[in-house]
Protein chains: 2
Amino acid sequence: MKTKVEIKNLLQNAKLKNTTPRVVILETLLNIKHPETAGEIHKRLKKNKIDLVTLYRTLASFEKNKLVKRVDLHKDAIYYELDLDHHHHIVCTKCNKLERFENSEIEKVLNKIISKSVKFKNIKEHSLELFGICKKCA
Amino acid sequence: MKTKVEIKNLLQNAKLKNTTPRVVILETLLNIKHPETAGEIHKRLKKNKIDLVTLYRTLASFEKNKLVKRVDLHKDAIYYELDLDHHHHIVCTKCNKLERFENSEIEKVLNKIISKSVKFKNIKEHSLELFGICKKCA
DNA sequence: ATACAATTGCAAACAATTTGCAATTGGAAA
DNA sequence: TTTCCAATTGCAAATTGTTTGCAATTGTAT
């Protein structure tokens with residue numbers, strides 16, 4: 001669990017004003033284990049009366065500052081997640097269960113790929129999600 | 001370039017009726033080099049007066065039948081692409097230029113990942129896109 | 001040639017996300 | 001501290017992307 005001070009630092013490093021909505025949203029995101037849509041995150045903010053529009057704008061600025069990333073789950077809305085530790089997901093296309101994973105080999109492969117690229121010489125980010133049927137559903 | 005007969009076979013294999021809109025959409029998709037949104041694809045269909053709704057429904061059924069896949073380009077709409085040959089993309093976040101790539105090592109890494117998984121024992125599909133700044137923009 | 005389920009087009013609804021603008025707020029500078 | 005200004009927020013309304021309902025049409029198995 002991050003302290004108030006650490007949260008404040010995250011904002012400061014990103015050169016973002018230390019406002020109540022931002023702190024609350026950041027605290028909330030820290031409690032979420034899996035990617036959620038803006039609507040879902042907004043429900044969690046209920047008691048704090050933070051406008052959905054503010055949430056969208058905050059997510060956008062967090063995204064620009066690499067605090068947050070989008071995750072494509074092949075659904076019809078955008079899923080967001082804190083991006084403090086790099087990881088990926090396996091998604092069950094039947095029950096929507098999620099499993100996180102990390103993998104260091106991927107980075108090596110990506111480096112090889114980029115060295116072969118004509119138009120690019122480095123990568124800033126990448127997305128990788130796996131889809132399948134979980135053991136329970138199978 | 002695929003012939004009429006091949007297109008017909010693609011539909012038949014997917015157990016989809018061989019209708020004019022589907023053939024036209026499939027032909028169109030075959031001519032597109034990079035993922036496009038439903039709106040963009042629809043513009044290409046102009047002369048053929050195929051309804052945007054039909055396109056959405058067709059893309060959905062093609063997707064279910066693995067003829068088409070969604071590609072997440074971190075934009076605010078869904079991008080679609082024919083999925084006849086497996087590949088990924090590198091995206092320039094500045095000028096939106098795209099480069100395709102294939103990589104066989106990825107599959108090996110994915111197999112390792114799945115063998116470590118608690119909840120999953122195999123993967124049906126995966127998405128992998130890279131984001132960066134292209135040489136021209138850098 | 002017929003019949004029925006699958007597919008289509010149109011209109012309208014819906015959901016997610018963005019924009020405009022006036023009021024409020026945080027923090028740098030006095 | 002107090003002042004001041006740009007950054008941020010909330011509300012209302014607009015926009016964009018996507019889906020749904022239903023009657024008319026079409027493809028294919030019989």
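These numbers come from the heavy atoms of this one structure, side chains and all, not from hydrogens, waters or symmetry mates. Remember, it's a predicted structure, so these values are computed and weren't measured experimentally. Letters go in sequence order (proteins before strands), and every chain restarts at 1.
Using a cutoff of 4.0 Å between basic side-chain nitrogens and carboxylate oxygens, A:D83 and A:R70 are not scored as salt-bridged. Looking at B:E125 and B:K66, a side-chain N of the basic residue comes within less than 4.0 Å of a carboxylate O on the acidic one, giving a salt bridge.
First and last contacting nucleotides of DNA chain C toward chain A (any atom under 4.0 angstrom from a heavy atom, 5' to 3' order): C:dA16 to C:dG27.
Using a 4.5 Å cut-off on side-chain heavy atoms (C-beta onward), A:F101 and A:H87 make no contact.
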Report, one pair per line, the protein and nucleotides 15-19 of chain D atoms (nitrogen or oxygen only) whose separation is under 3.5 Å.
unit_1: D:dT18; atom_1: OP1; unit_2: B:I78; atom_2: N; d: 3.3
unit_1: D:dT18; atom_1: OP2; unit_2: B:Y56; atom_2: OH; d: 2.5
unit_1: D:dT18; atom_1: O5'; unit_2: B:Y56; atom_2: OH; d: 3.2
unit_1: D:dT19; atom_1: OP1; unit_2: A:D76; atom_2: OD2; d: 2.7

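As rounded to whole Å, 9 Å separates atom P of D:dA12 from atom CG of A:D51.
Distance check: A:N48 CG to A:I25 CD1 gives 9.0 Å after rounding to the nearest 0.5 Å. Atom CG in B:L52 sits 11.0 Å away from atom NZ in B:K43 (nearest 0.5 Å).
Where B:T20 and A:T20 meet DNA chain C, the nucleotide closest to each residue was compared, and B:T20 sits on the side nearer the 5' end.
In this structure, B:S61 and B:L16 approach most closely via the heavy-atom pair OG-CD1, 4.1 Å.
Contact annotation for A:R22: backbone-only contact, meaning every heavy-atom pair under 4.0 Å involves sugar-phosphate atoms and none involves a base.
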With ring pair (Phe, Tyr, Trp, His ring centres under 6.0 Å) as the test, would you mind laying out the steps for B:H126 and A:H89 before giving the verdict?
CA-CA 10 Å; B:H126 64 269; A:H89 303 90; over 10 Å; no

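For the residue pair B:N103/A:K116, the side-chain donor-acceptor check at 3.5 Å is not satisfied.
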